[in-house]
Amino acid sequence: MRSLKLCLLFLPLLLACATVLEPTGNDDTFENPVIIAHDQARETKTQMKWNALLTQYKAIPDTHLTHFMESTSFLMQTYFKEKLPGIVDAISVNQNDTNLVIQLRKFYSDWEDLFGCQANSIRFNFNQNNDFEENETRIYRFQQKNIGNTTYRFIMQPFIEFGLSKNGELERIISTLIPDFEMKIPSPIPNSLDISKMVANTMGYEHEFYADASSIYFPSKHLFSPKDIYKVKDGFEIYPKYAENTLSIFCLKGVEYFWLENKVEYKCTIYYHPATA
């Protein structure tokens, strides 16, 4: 039986946007991508919330490892020089009970303005289930399910991750959450998508695969050709692209490509801008 290898491929086509605007929520237009740029009022509000957290917990962040997103001013990661007590209780951490998730959600709800994503838009997804060893950190992750009031599928699932000590002290926070905003979904196929143009744009494109734990047996390169079989994925998916001064949030369409090489079947997915292909 032919083995199926999986790879996720992002094809950097020409993604164009004529204006750089904050989301307006106007249903008469479809902005793709939605581009979020720096706003001084948002910067001031976020820093006030951050200072409140530092004051409440007498926290000292490691400035070399603490970063805010340039475009949105929201917190992306922070490591504390001294662990913060009082976030969750030690019993809940060591027993891995549901009270721990409730306590973390309460902490997030109190400080959600640091991340721009409502507390009801995240759900518990993952924890390190191994036993603590000395000085070990246990990781708890919540995934983002909504942007604002709308549920979306994501190409790379946004999350927020808390690192806790065995005593329930907070050591670090890492966030890839997408801030709340209003975004329209493109009209269904075939009204807004030219699949043939998407496929045509891919033919003759050579992609180099990089070996890792999941794709080490991939061919080093593949030249897409008309011999490849393709299948359009259902629905649209959200993909954030971070730049120094802007966050571009794309609504993209996926096409899965299948091909044979040395009697092995391979698959990868390429994501396209629905208007420009």
Side-chain angles (χ1 to χ4, degrees), residues 6 8 23 25 34 36 42 46 49-50 53 57 67-69 72-80 84 86-132 136-166 168-185 214 233-242 247 249-252 254 269 271:
L6 302 179
L8 192 62
V34 171
I36 299 178
R42 188 169 59 235
T46 303
K49 194 71 174 182
W50 175 240
L53 184 146
Y57 291 99
H67 303 289
F68 292 80
M69 188 185 302
T72 67
S73 301
F74 294 124
L75 184 65
M76 297 182 67
Q77 79 169 29
T78 185
Y79 287 68
F80 297 103
L84 306 191
I87 306 300
V88 299
D89 61 72
I91 296 176
S92 295
V93 173
N94 288 277
Q95 292 182 353
N96 264 330
D97 61 17
T98 55
N99 287 329
L100 183 140
V101 176
I102 294 173
Q103 292 171 69
L104 282 176
R105 287 189 65 90
K106 172 63 168 59
F107 175 80
Y108 181 87
S109 179
D110 290 342
W111 304 102
E112 67 179 15
D113 287 346
L114 284 175
F115 308 99
C117 177
Q118 300 175 17
N120 60 8
S121 294
I122 64 173
R123 61 185 170 201
F124 181 66
N125 175 257
F126 165 84
N127 72 286
Q128 271 187 346
N129 201 26
N130 55 315
D131 293 332
F132 276 113
E136 185 181 355
T137 302
R138 179 165 286 175
I139 305 301
Y140 295 87
R141 178 179 293 181
F142 291 77
Q143 286 188 341
Q144 184 171 355
K145 59 180 181 177
N146 294 350
I147 300 178
N149 297 319
T150 306
T151 300
Y152 289 103
R153 295 168 60 184
F154 299 95
I155 292 174
M156 294 189 300
Q157 191 72 45
F159 65 87
I160 184 167
E161 193 173 86
F162 300 95
L164 300 176
S165 73
K166 61 183 177 182
E169 301 160 318
L170 182 63
E171 298 181 358
R172 65 176 182 262
I173 304 173
I174 297 175
S175 172
T176 65
L177 297 176
I178 301 175
D180 292 330
F181 68 98
E182 296 297 327
M183 183 173 188
K184 290 178 61 179
I185 292 293
S214 62
K233 295 186 71 175
D234 294 333
F236 298 88
E237 297 182 65
I238 299 298
Y239 174 64
K241 182 177 181 182
Y242 303 94
L247 168 61
I249 306 170
F250 291 90
C251 188
L252 302 182
T269 301
Y271 287 93

Seminar exercise, completed: Nearest heavy-atom approach of C251 to I185 is SG-CD1, 3.8 Å
Problem set entry | Nearest heavy atoms of P179 and I147, plus distance in Å | O-CG2, 3.7 Å
Problem set entry | Any side-chain heavy-atom pair of R105 and I122 under 4.5 Å | yes
Problem set entry | E112 (side chain) donor-acceptor with Y108 (main chain) under 3.5 angstrom | no
Problem set entry | From E182 atom CD to T150 atom OG1, the distance as rounded to the nearest 0.5 Å | 6.0 Å
Exercise. Tell me, do F74 and T46 make a side-chain contact under 4.5 Å, heavy atoms counted?
Worked result: yes
Exercise. Are the side chains of L247 and M69 in touch, meaning some heavy atoms are under 4.5 Å apart?
Worked result: yes
For this session: Answer yes if the side chains of T151 and N146 hold a donor-acceptor pair under 3.5 Å, and no otherwise.
Result: yes
Seminar exercise, completed: So CD of Q143 and OG of S121: to nearest 0.5 Å the spacing works out to 13.5 Å
Exercise. Below 4.5 Å, heavy atoms only, C-beta onward: do W50 and W111 meet side chain to side chain?
Worked result: no
For this session: Output, in order, the C-alpha distance, side-chain angles, deciding distance and verdict of side-chain contact (heavy atoms from CB on, under 4.5 Å) for I87 and E169.
Result: CA-CA 6 Å; I87 306 300; E169 301 160 318; over 6 Å; no
For this session: Find the distance between CZ (R42) and OG1 (T72) and round it off to the nearest 0.5 Å.
Result: 6.0 Å
Problem set entry | Side-chain heavy atoms of I155 within contact of I238, under 4.5 Å | no
Problem set entry | Polar side chain donor-acceptor pair, T137 to E171, under 3.5 angstrom | yes
Exercise. Hey, does the side chain of Q144 reach the backbone of Q157 with a donor-acceptor pair shorter than 3.5 angstrom?
Worked result: no
For this session: Verify, without hydrogens or angle tests, whether R172 (side chain) and L164 (backbone) share a donor-acceptor contact under 3.5 angstrom.
Result: no
Exercise. Distance-only, no hydrogens or angles: does the R141 side chain make a donor-acceptor pair with backbone N or O of I160 under 3.5 Å?
Worked result: no
For this session: Without swapping roles, check the side chain of T176 against the backbone of F159 for a donor-acceptor pair under 3.5 Å.
Result: yes
For this session: With side-chain contact (heavy atoms from CB on, under 4.5 Å) as the test, would you mind laying out the steps for F107 and I173 before giving the verdict?
Result: CA-CA 12 Å; F107 175 80; I173 304 173; 4.2 Å; yes
For this session: Check whether any side-chain N or O of R123 sits under 3.5 Å from a backbone N or O of F142 as a donor-acceptor pair, and report yes or no.
Result: no
Exercise. Going through the checks in order, is the side-chain contact (heavy atoms from CB on, under 4.5 Å) test met by F154 and I178?
Worked result: CA-CA 10 Å; F154 299 95; I178 301 175; 3.8 Å; yes
Exercise. When rounded to the nearest 0.5 angstrom, what is the spacing between CZ in F124 and CG in L100?
Worked result: 7.0 Å
For this session: Considering non-hydrogen atoms only, spot the tightest contact between L75 and Q77 and give its length.
Result: CD1-O, 3.6 Å
For this session: Decide yes or no for L252 and F236: does some side-chain heavy atom of the first lie under 4.5 Å from some side-chain heavy atom of the second?
Result: no
For this session: Tell me yes or no: between the side chains of S175 and E161, is some donor less than 3.5 Å from an acceptor?
Result: no
Problem set entry | Heavy-atom closest contact (N99 atom, S92 atom, distance) | CB-OG, 3.6 Å
Exercise. Once you round to the nearest 0.5 Å, how far does CG of L84 lie from OG of S165?
Worked result: 10.0 Å
Problem set entry | From L53 atom CG to L170 atom CG, the distance as rounded to the nearest 0.5 Å | 8.5 Å
For this session: Could you tell me whether the side chain of T78 reaches within less than 4.5 Å of the side chain of F68, counting heavy atoms only?
Result: no
Seminar exercise, completed: The side chain to side chain donor-acceptor pair (under 3.5 Å) partners of E237 (sequence neighbours excluded) come to K233, Y271
Exercise. Under a 4.5 Å cut-off applied to non-hydrogen side-chain atoms, are F80 and Y57 in contact?
Worked result: no
